[in-house]
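See below for the structure under consideration.
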Amino acid sequence: MSKQLNFAQQMDEVLKTLGPQRPKLLLHACCGPCSSAVLEKLCRYFEITVLYYNPNTWPAEEYYRRGEELKKFVAQAHPLGVTVIEDHYDPQEFYSLRMRRAAQYAKEHGFDWFTTTLSISPHKDAAHINQIGQELEAEFGIRHLPSDFKKQNGYLRSLQLSEEYGLYRQDYCGCEFSAKARG
């Protein structure tokens with residue numbers, strides 16, 4: 001049996017190597033609640049631009065609501081120092097990888113690093129997410145920050161911050177299939 005990699009520990013090791021000049025990090029985000037604890041953890045280390053890109057969200061009203069909540073949280077909690085960029089909404093791109101888009105955007109816009117909030121979900125496989133990140137790092141030449149944001153009470157902290165800031169917290173992942181499965 002192979003040893004499970006500790007991505008939270010790997011991230012902490014990377015963070016220790018960063019100097020006082022904060023490098024630019026593109027953070028892919030799916031919504032405000034998932035971004036909350038991630039931004040709280042990373043803001044002191046990076047100059048962050050959040051790329052809101054979530055073409056699997058259905059219906060369109062849900063997509064736009066999540067984007068507005070993300071912008072609301074950033075404006076309230078991080079008014080100086082975090083920028084939110086909303087990419088295009090095209091549900092036909094559902095089967096493409098959101099992380100690929102983040103790596104591509106990071107490359108095109110001169111970022112030093114990229115990562116995603118996806119690993120904060122207890123339903124997402126951090127090993128798979130980080131494997132994709134490493135593959136995209138090699139493909140695009142942009143460093144991927146390894147992460148497992150649900151560790152160290154990250155998911156719990158996102159719940160607390162969502163309540164503290166009054167963020168709308170959805171009861172499904174966002175895609176059409178999970179919306180229909182919930183009832």
### Summary
All heavy atoms of Ala103 vs all of Leu136, minimum pair found to be CB-CB, 4.0 Å
### Query
Got a second to check how far Glu139's CD is from Gln104's CD, nearest 0.5 Å?
9.5 Å
### Task
For Lys151, look at atom NZ and say whether over 12 heavy atoms of other residues, nucleotides or ligands are found less than 6.0 Å away.
no
### Message
side-chain contact (heavy atoms from CB on, under 4.5 Å) for Ile129 and Met99? Distances and angles first, verdict last.
### Response
CA-CA 9 Å; Ile129 290 167; Met99 287 180 64; 3.7 Å; yes
### Thr115 side chain to Leu145 backbone, donor-acceptor under 3.5 Å
yes
### Message
Contact between Phe149 and Leu42 at the side-chain level, heavy atoms closer than 4.5 Å - yes or no?
### Response
yes
### Message
Is any side-chain heavy atom of Asp12 closer than 4.5 Å to one of Lys41?
### Response
yes
### Side-chain heavy atoms of Pro23 within contact of Trp113, under 4.5 Å
yes
#### Entry: Leu161 side chain near Glu40 side chain, heavy-atom distance below 4.5 Å
yes
### Task
Please confirm whether Lys24 makes a cation-pi placement over Phe111, using NZ or CZ under 6.0 Å from the six-membered ring centre and within 45° of the ring normal.
yes
### Message
With no hydrogens and no angle check, just 3.5 Å: does a side-chain donor-acceptor pair link Glu164 and Gln160?
### Response
no
### Query
When you check the gap from the basic side-chain N to the acidic O, do Arg169 and Glu69 get nearer than 4.0 Å?
no
### Query
Do the charged groups of Arg98 and Asp87 touch, with an N to O distance under 4.0 Å?
no
### Query
Going by heavy atoms in the side chains, are Phe7 and Ser147 under 4.5 Å from each other?
no
#### Entry: Within-4.5 Å side-chain heavy-atom neighbours: Leu39 and Val82
yes
### Query
Salt bridge or not for Glu68 and Arg65, using N-O below 4.0 Å?
no
#### Entry: Partners passing side chain to side chain contact (heavy atoms under 4.5 Å, CB included) against Tyr63 (at least two apart in sequence or in another chain)
Tyr52, Asn54, Thr57, Glu86, Tyr89
### Task
Taking the side chain as every heavy atom from C-beta outward, state whether Arg22 and Tyr45 have any atom pair closer than 4.5 Å.
no
### Message
Could you check whether any side-chain heavy atom of Leu27 comes within less than 4.5 Å of a side-chain heavy atom of Thr116, counting everything from C-beta outward?
### Response
no
### Summary
When every non-hydrogen atom of Met11 is compared with those of Pro146, the smallest separation belongs to CB-O, 3.0 Å
### Query
Between Cys31 and Leu70, does a side-chain contact (heavy atoms from CB on, under 4.5 Å) hold up when you go through it step by step?
CA-CA 6 Å; Cys31 64; Leu70 172 61; 6.0 Å; no
### Query
Which heavy-atom pair separates Val50 from Ala29 by the least distance, and what is that distance?
CG1-CB, 3.5 Å
### Query
Does the ring center of His28 lie less than 6.0 Å from the ring center of Phe114?
no
### Task
Among Lys16, Gln10, Gln9, find the residue that satisfies the side chain to side chain donor-acceptor pair (under 3.5 Å) test when tested with Glu13.
Lys16
### Query
Between atom CD of Gln76 and atom NZ of Lys71, what is the distance when rounded to the nearest 0.5 Å?
14.5 Å
### Message
Return the OG to CZ distance between Ser35 and Phe73, rounded to the nearest 0.5 Å.
### Response
8.0 Å
### Task
Can you measure from CD1 (Ile120) to OG (Ser36) and round to the nearest 0.5 angstrom?
6.0 Å
